[in-house]
Amino acid sequence: MMKAEQIPEVLKPTITGLNQLDVAVLMEKYVMILGMLHFGKAEEKTEAKRKLLEMQQVVCSHVTPAAFEEAVRRLELTSEEIRVIESTRL
């Protein structure tokens, strides 16, 4: 088994360029946008889709793929939940 310091950076679950406050704000925005997608009027849903795509670009530029994998593992997502999440990726 590899020690933590031996794992290549690309394989480590990390978030770079954002502090805890930035991450908390992004999470709150996600909650609001997902609410708009599920419960909003047609024009709100259109706006929410646009904002979601913008946010995904921001998040993906700061989060390693390993961090997404670690989140899936820790959240114990079902295969159905993972399928839905992956269908919305850019």
Quiz item: Can you pull the salt bridge (Lys or Arg N to Asp or Glu O under 4.0 Å) pairs that have at least one residue in residues 34-43, sequence neighbours excluded?
Solution: none

Exercise. Would you please name every residue forming a side chain to side chain contact (heavy atoms under 4.5 Å, CB included) with Ala67, sequence neighbours left out?
Key: Pro13, Val63, Thr64

Quiz item: For Thr78, what residues pass the side chain to side chain contact (heavy atoms under 4.5 Å, CB included) criterion, not counting sequence neighbours?
Solution: Glu80, Glu81

Quiz item: Is there any side chain to side chain donor-acceptor pair (under 3.5 Å) pair reaching into residues 16-39, and which pairs are they, with sequence neighbours excluded?
Solution: none

Quiz item: To which residues is Leu21 joined in a hydrophobic cluster, defined by side-chain heavy-atom contacts under 4.5 Å among Ile, Leu, Val, Met, Phe, Trp and Tyr, whether direct or through other members?
Solution: Val25

Quiz item: Linking Ile, Leu, Val, Met, Phe, Trp and Tyr through side-chain heavy atoms less than 4.5 Å apart, which residues share a cluster with Met32?
Solution: none

Self-check item: Listed partners of Lys51 passing salt bridge (Lys or Arg N to Asp or Glu O under 4.0 Å), at least two apart
Solution: Glu47

Practice problem: Drop me the distance from Lys49's NZ to Leu37's CG, to the nearest 0.5 angstrom. | Solution: 7.0 Å

Quiz prompt | With Glu76 via salt bridge (Lys or Arg N to Asp or Glu O under 4.0 Å) - residues at least two apart | solution = none

Quiz prompt | Within 6.0 angstrom of Lys45 NZ, more than 12 heavy atoms from elsewhere | solution = yes

Quiz prompt | With sequence neighbours excluded, residues passing salt bridge (Lys or Arg N to Asp or Glu O under 4.0 Å) with Glu44 | solution = none

Quiz prompt | Partners meeting salt bridge (Lys or Arg N to Asp or Glu O under 4.0 Å) with Glu70 (sequence neighbours left out) | solution = Arg73, Arg74

